[in-house]
Amino acid sequence: MTREDMLARLDQQQGLWDFIIVGGGATGAGVAVDAASRGYSVLLLEQSDFGKGTSSRSTKLVHGGVRYLEQGNIPLVMEALRERGILRQNAPHLVTNLPFVVPTYDWWEAPFYGLGLKVYNLLAGKYGFGQSEVLSREETLERLPTIRVEGLRGGVVYHDGQFDDARLLISLVQTAAEHGAALLNYVEVTGLTRGGDGTVDGVAARDVETGRAFRAPGRVVINATGPFADNVRRLADPDALPLIAPSQGVHLVFDRSFLPGGSGIMVPHTTDGRVMFAIPWHGHTVVGTTDTPIPHPTLEPQPLETEIAFILETAALYLHKAPTRADVLSAFAGIRPLVRRGDSRITAALSRDHTIHIDSSGLLTTAGGKWTTYRRMAEETVDQAVEFARLPEKACVTAALRIHGYHETAEEFGALAVYGADAPAVRDLLGADSSLGETFDPALPCIRAQALWAARSEMARRVDDVLARRCRALFLNARAAIRMAPAVAALMALELGRDQAWQRREVAAFEALAQQYIV
Ligand SMILES: Cc1cc2nc3c(=O)[nH]c(=O)nc-3n(C[C@H](O)[C@H](O)[C@H](O)COP(=O)(O)OP(=O)(O)OC[C@H]3O[C@@H](n4cnc5c(N)ncnc54)[C@H](O)[C@@H]3O)c2cc1C
């Protein structure tokens, strides 16, 4: 998968695209996979890198949502549990089964959460990830050696899915490309074109790398820009009422010693009434999240001081060695594209969790939901679009569609497991140059071959693309990522034919960006 190949597909397209998708996050890539695998022609345009928005900044859980269960929203939980099972079945190299423990400190908690989590597993039916169990104090300590012991009575263990969000996104982009879609990162949609009857009939776009402006005509334009959805809607109608209520969530990353076992912690009620997780991820500990309404979405949202303090305070309530600011290796923020409720004039909710909305201009916006349910959301979106644009009907095939890299025992590839079936090809690069087996930095396992592979086969264009999303260095350890940047830039420059000035600019830009992940 290369940019040259994708640009060639763009140039070779004769006539209208069936689908033009704006936005290369989970929603856009999901729609691209669905539409392309049904046999429609598909163009997807992403203004930055694939996954630069919310889709690389999640809690990394493929889950039914224990919170929704508490709220009694059984259909939503069942749908998400089903999707969780389908995703593990179609991308076993990227979704793993993770045990979570709810530590209990009050007498009523074990029976209450014990029962609730039994129901959670029962609702999953044949897609279950494993039985939940009430644990003794000793069993809880065995699973969570760093949990606060004062007052600990025991715990309840249950199972959910965990994944690498940005890696799944790249795999979805590859899957769509294998089904013939043209997908381009660093192409911004700057306008929507209109036919004689005023209906949106394509996009105006600009290649961010070259500055080339072009137009692409399509039968239907899908706005899958998540938190930015209202900006794109306003390209068609400057007075469009907002659909999205953006809300920021922050995570702090620590080293593995804060959560050394193989289980995560789920805190069902923080002091502000939310759910909080501490999870082992890529040899580190991720703790979060928060929920802070924000006025305007940006591509690099900043963690607020209050959010950092809140996560540290909550972690201190549950971990006997309280993490401090000095322990934070990386702090990252993402923006939930929550759908506004209560204005039936502008939303047509197909489910409580996400919205598919068709403006009077004919622009179709699909927003909300969560990573776990991206496939179902894509299926509904394509169904709606086909009906709206009067495209020939074709059945959805994604429930049984293997995602690029599908491999049943990918853990045998160690640190390269996320590449699944591609891992041997990444390793083969070492045959030509054994130095590609070296890590960039002792703090992280990312090897030089991964950066080369990212530039050669995964459309990484900038140092940030490699360090933040192809390998997750920026999200795991921002200082280590800064140290890695010059070597990554040099490797990419060789592969992509860039000069010294490009390397200097890229390293400086990445350093400035990564400073924002250091608290
Ligand atoms: C803190 C947090 C934790 C979460 N945790 C979980 C979790 O554990 N599990 C789970 O299932 N879900 C989780 N979610 C939800 C999930 O991450 C989101 O629902 C999902 O990533 C949204 O994807 P999206 O594609 O709609 O938006 P995005 O990923 O933001 O994608 C939109 C894209 O559109 C692009 N774009 C915008 N304007 C233009 C334009 N003019 N031209 C071209 N491109 C444009 C942007 O650059 C961006 O890449 C979490 C969300 C947050 C914020």
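Computed over heavy atoms, backbone and side chain alike; hydrogens, waters and symmetry mates excluded. When a ligand or atom number is given, it counts from 1 through the structure's own listing order.
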Should the pair [X]-[Y] be classified as a salt bridge under the 4.0 Å nitrogen-to-oxygen rule?
{"X": "Glu379", "Y": "Arg376", "answer": "yes"}
{"X": "Glu305", "Y": "Arg325", "answer": "yes"}
{"X": "Arg167", "Y": "Glu458", "answer": "yes"}
{"X": "Arg67", "Y": "Asp291", "answer": "no"}
{"X": "Asp160", "Y": "Arg84", "answer": "yes"}
{"X": "Asp207", "Y": "Arg3", "answer": "yes"}

For ligand 1, which atoms, with element, lie under 4.0 Å from some heavy atom of [X]?
{"X": "Leu45", "result": "43 (C), 44 (N)"}
{"X": "Gly334", "result": "53 (C)"}
{"X": "Val22", "result": "40 (C), 42 (N), 43 (C)"}
{"X": "Thr372", "result": "10 (C), 11 (O)"}
{"X": "Lys60", "result": "8 (O)"}
{"X": "Ala224", "result": "32 (C)"}
{"X": "Gly369", "result": "19 (O)"}
{"X": "Leu299", "result": "47 (O)"}

TODO: Find the distance between CD1 (Ile279) and CG (Leu61) and round it off to the nearest 0.5 Å.
DONE: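 One gets 5.0 Å once the value is rounded to the nearest 0.5 Å.
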
Hey, does [X] come in under 3.5 Å of ligand 1, counting only N/O atoms on both sides?
{"X": "Gly51", "value": "no"}
{"X": "Thr289", "value": "no"}
{"X": "Ala26", "value": "yes"}

Open item on the list: Quick check on the 6.0 Å ring-centre criterion: do Phe277 and Phe100 meet it?
Closed with: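 Distance test on ring centres: under 6.0 Å, yes.
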
Report the nearest protein non-hydrogen atom to [atom]: residue, atom name, distance rounded to 0.1 Å.
{"atom": "atom 23 (O) of ligand 1", "answer": "Ser55 OG, 3.1 Å"}
{"atom": "atom 27 (O) of ligand 1", "answer": "Gly226 CA, 3.6 Å"}
{"atom": "atom 18 (C) of ligand 1", "answer": "Thr54 CG2, 4.0 Å"}
{"atom": "atom 41 (N) of ligand 1", "answer": "Val189 O, 3.1 Å"}
{"atom": "atom 12 (N) of ligand 1", "answer": "Trp371 N, 3.2 Å"}
{"atom": "atom 5 (N) of ligand 1", "answer": "Thr59 N, 2.9 Å"}
{"atom": "atom 43 (C) of ligand 1", "answer": "Gln47 N, 3.2 Å"}
{"atom": "atom 14 (N) of ligand 1", "answer": "Ser58 CB, 4.0 Å"}

Using atom types as modelled and distance alone, determine if a side-chain donor or acceptor of [X] lies under 3.5 Å from a backbone N or O of [Y].
{"X": "Ser457", "Y": "Met1", "answer": "no"}
{"X": "Ser58", "Y": "Ser55", "answer": "no"}
{"X": "Trp281", "Y": "Phe163", "answer": "yes"}
{"X": "Thr372", "Y": "His63", "answer": "yes"}

- [ ] Specify whether Tyr40 and Phe19 have parallel, tilted or perpendicular ring planes, treating 30° as the upper limit for parallel and 60° as the lower limit for perpendicular.
- [x]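 Correct class here is tilted.
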
Open item on the list: As a check for students: among Arg336, Arg84, Glu46, His63, identify the option with a heavy atom nearest to atom 46 (C) of ligand 1.
Closed with: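 Of the listed residues, Glu46 has the closest heavy atom.
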
Task: Side chain to side chain, Leu363 and Leu235, heavy atoms closer than 4.5 Å - done: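 No, their side chains stay 4.5 Å or more apart.
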
Open item on the list: With a heavy-atom distance limit of 4.0 Å, tell me whether Ala29 approaches ligand 1 through its side chain, its backbone, both, or neither.
Closed with: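 The answer is neither; Ala29 stays 4.0 Å or more away.
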
Open item on the list: At under 4.0 Å between heavy atoms, is it the side chain or the backbone of Ile335 that contacts ligand 1, or both, or neither?
Closed with: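 Only the backbone of Ile335 comes within reach of ligand 1.
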
- [ ] Run the contact test for Gln248 against ligand 1 with a 4.0 Å cut-off on heavy atoms, strictly below, and give the result.
- [x]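 The answer is no, since Gln248 has no heavy atom less than 4.0 Å from ligand 1.
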
